[in-house]
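No experiment lies behind these values; they were computed from the predicted model shown.
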Amino acid sequence: MGTQMTLSDDQAQAFDTISDSLKSAGIDLDESLLLPPSDDRTQVLAVLGKAGSGKTMLLANLYEHLKDAGADIISGDYEGRRRKDRRTVAILAPTNKAASVLRNRGVPATTIHRILYTPVYDPEYEKIAEWLVGNGDRPDIAGLTDEALDRAFAFYQNIASVPGALAAAGLRGSDFITGWKRREDPLDVGFIDESSMLDDRQYEDLREIFPTLVLFGDPAQLAPVNQSGSMVFDALPEGRRLTLSRVHRQDADNPILDLAHALADPQLDFYSFEQMIAEAAARDDRVQRTERVEAALMARSPVLVWRNATRIRLINAFRAAYDAPMEELLEGEPLICDGIELPMKHRKKRLDLEARGLIKGAQVVYLGPGRKPGFSRLHVIGAEDPQVSAASIVKIEKPGEEEPFIPFAARMGATFLHGAAVTIHKAQGSQWDTVQVFAPDIFAAAQTNRSEAGIQLWKRLAYVAITRAENRLLWVTRNRLARPTDPLSTTDLRSAPAPLELTRDTFDEGEGFL
């Protein structure tokens, strides 16, 4: 059995409730046994709690018990032939960045999209996949030497990824994956982290796939746009919502979480909160009150703002600070995927791009031009195989101008906005070591006197923004930018390549999108 954690009383109670639900799905955590499902009814539970309440700790504990019980953890990269006696579990998040937060804690999470759409393997190379996952004998594949198969096997023993193992054997993704299809067969259990980000359509998609669904979410965050301030778990009956409190030793003496939880006080106003930030900064360097945005931090950790106009001004100030030319991007500039612009006849290309992490909201870093005009080499932040080359349409918005400037573009492909600053809504589900929060925007929200689901808007914005910081919070009080001392660089990305060394040209630039 893996290392188990000591749970608090509220976590233990939630664990027991979830464990009882899993038994009806055919997974007995108490006895570490897999059984036939006892009923075919759908069931949904929600584990709710604010930052620091131990949701991720509980999810990780449940994962260890599921693994010890013999449940198949579905990652989305390959699924072996379905056996009647197996029970399947997928641990999901809405974005690659949110999934990577879990993976960094040892939980093999993937995105919702990677479960909705599954890869179709070439039958010849599927023999290797079946051998690797223990469902077949060592195959004899034309063109692959014994040494290549040995490399694949050794890789899989270290990292349980079929695509990574096939790449270690010298194969490209386009060799063994022939396409993507919408999932037809359901799985047994789905754990969904950051479920406050789910909209109604995603929720219904998940309910079609998983008879048993467990949502992990923070009710203090911002609801999805066009959801009228509500989250999908709000409609669950009281007994289906399990609430965690905050008392956990690992979160003790954390000034960032102290500030986040102080926002629950209905009497707290913006000026008093800023005074609390100043007091926290005076006694702990994990909180800093500063008059300037640090341009150097914006390359990997965007400034968090409320208003789009602020976002656009900060992006242009960032580019000016680095002397970025109008007509091109500098290597190292951050981007945010804004979707895929492809007609329906190129549905396979769309699925290829999305499966590699280029979904709406994905954070990427520009590595330079591709081999064809309009193509970009990109590093997808948080993706398991982050290096990709794809046809790109890059849009840079300008203050006071309705239409964005497009420095270069393919005729169609993945579209990007600049990522040096993002709205707090878009930042949900992500975390960074250091976060800069643009306080003048929070003050502007406070001046509107707007509320969302009975909570003042500025408090929701401040809560979400400051809890994006893992270790350090910078509260920026003035509309100023500190110029960088060093040029942009990508050496931090290239010196630490992703463990899954898939081909970087999975989407053949010679083929294009038209």
Side-chain angles (χ1 to χ4, degrees), residues 77 93 95-101 103-104 109-111 113-114 159 161 163-164 167 172-173 295-302 315 318-319 322 324 328-340 352-372 374-396 407-410 413-422 426-427 429-434 484 486-509:
D77 63 15
T95 65
N96 284 292
K97 191 69 169 67
S100 73
V101 170
R103 290 198 297 270
N104 290 337
T110 189
T111 62
H113 190 275
R114 285 293 298 271
I159 301 173
S161 166
R172 301 192 313 165
L297 287 174
M298 296 168 72
R300 296 293 179 271
S301 176
I315 286 169
F318 169 87
R319 300 201 79 232
Y322 280 104
E328 62 183 280
L329 292 176
L330 298 176
E331 292 186 20
E333 287 199 65
L335 301 172
I336 301 288
C337 183
D338 196 42
I340 308 294
D352 284 342
L353 289 170
E354 290 174 338
R356 287 294 298 276
L358 290 177
I359 58 178
K360 191 176 180 68
Q363 302 161 43
V364 307
V365 176
Y366 179 71
L367 299 179
R371 293 196 301 266
K372 284 182 62 179
F375 274 74
S376 302
R377 290 181 294 112
L378 305 165
H379 182 103
V380 184
I381 301 294
E384 294 169 85
D385 175 41
Q387 309 288 325
V388 62
S389 179
S392 307
I393 303 167
V394 179
K395 304 174 182 179
I396 299 178
F408 64 87
T415 63
F416 297 94
L417 301 176
H418 206 278
V422 301
K426 291 284 182 69
S430 298
Q431 281 190 305
W432 297 271
D433 179 84
T434 299
D486 298 307
L488 281 174
S489 172
T490 60
T491 55
D492 59 316
L493 304 175
R494 290 170 173 162
S495 62
L500 308 185
E501 199 56 40
L502 299 184
T503 175
R504 296 180 180 180
D505 293 319
T506 297
F507 314 118
D508 187 353
E509 291 179 350

Do the non-hydrogen side-chain atoms of Ile396 and Arg319 ever get within less than 4.5 Å of each other? yes

Side chains of Val365 and Arg300: closer than 4.5 Å at any heavy-atom pair? yes

Using the side-chain contact (heavy atoms from CB on, under 4.5 Å) rule, pick out the option among Val388, Leu493, Leu378 that qualifies with Leu367. Leu493

Closest contact, heavy atoms only, [X] versus [Y]:
X      : Y      : value
Ala93  : Ala99  : CB-N, 3.6 Å
Ala420 : Pro334 : N-CG, 3.7 Å
Glu333 : Leu330 : OE2-N, 2.7 Å
Phe375 : Ser389 : CD2-OG, 4.2 Å
Pro484 : Ala295 : CD-CB, 3.8 Å
Gly332 : Leu488 : O-CD2, 4.0 Å

Check: Arg103 side chain, Ala109 main-chain N or O, donor-acceptor pair, under 3.5 Å: yes

Gly370 backbone acceptor or donor facing Arg377 side chain under 3.5 Å: no

Rounded to the nearest 0.5 Å, how far does [atom2] of [Y] lie from [atom1] of [X]?
X      : Y      : atom1 : atom2 : result
Thr415 : Lys360 : OG1   : NZ    : 7.0 Å
Ser392 : Leu335 : OG    : CG    : 8.0 Å
Asp433 : Leu297 : CG    : CG    : 9.5 Å
Tyr366 : His379 : OH    : NE2   : 16.0 Å
Lys426 : Thr95  : NZ    : OG1   : 12.5 Å
Leu417 : Ile336 : CG    : CD1   : 8.0 Å

Between Trp432 and Gln363, is the side-chain contact (heavy atoms from CB on, under 4.5 Å) condition met? List the steps. CA-CA 12 Å; Trp432 297 271; Gln363 302 161 43; 3.4 Å; yes

side-chain contact (heavy atoms from CB on, under 4.5 Å) between Phe318 and His418, intermediate numbers included: CA-CA 10 Å; Phe318 169 87; His418 206 278; 3.6 Å; yes

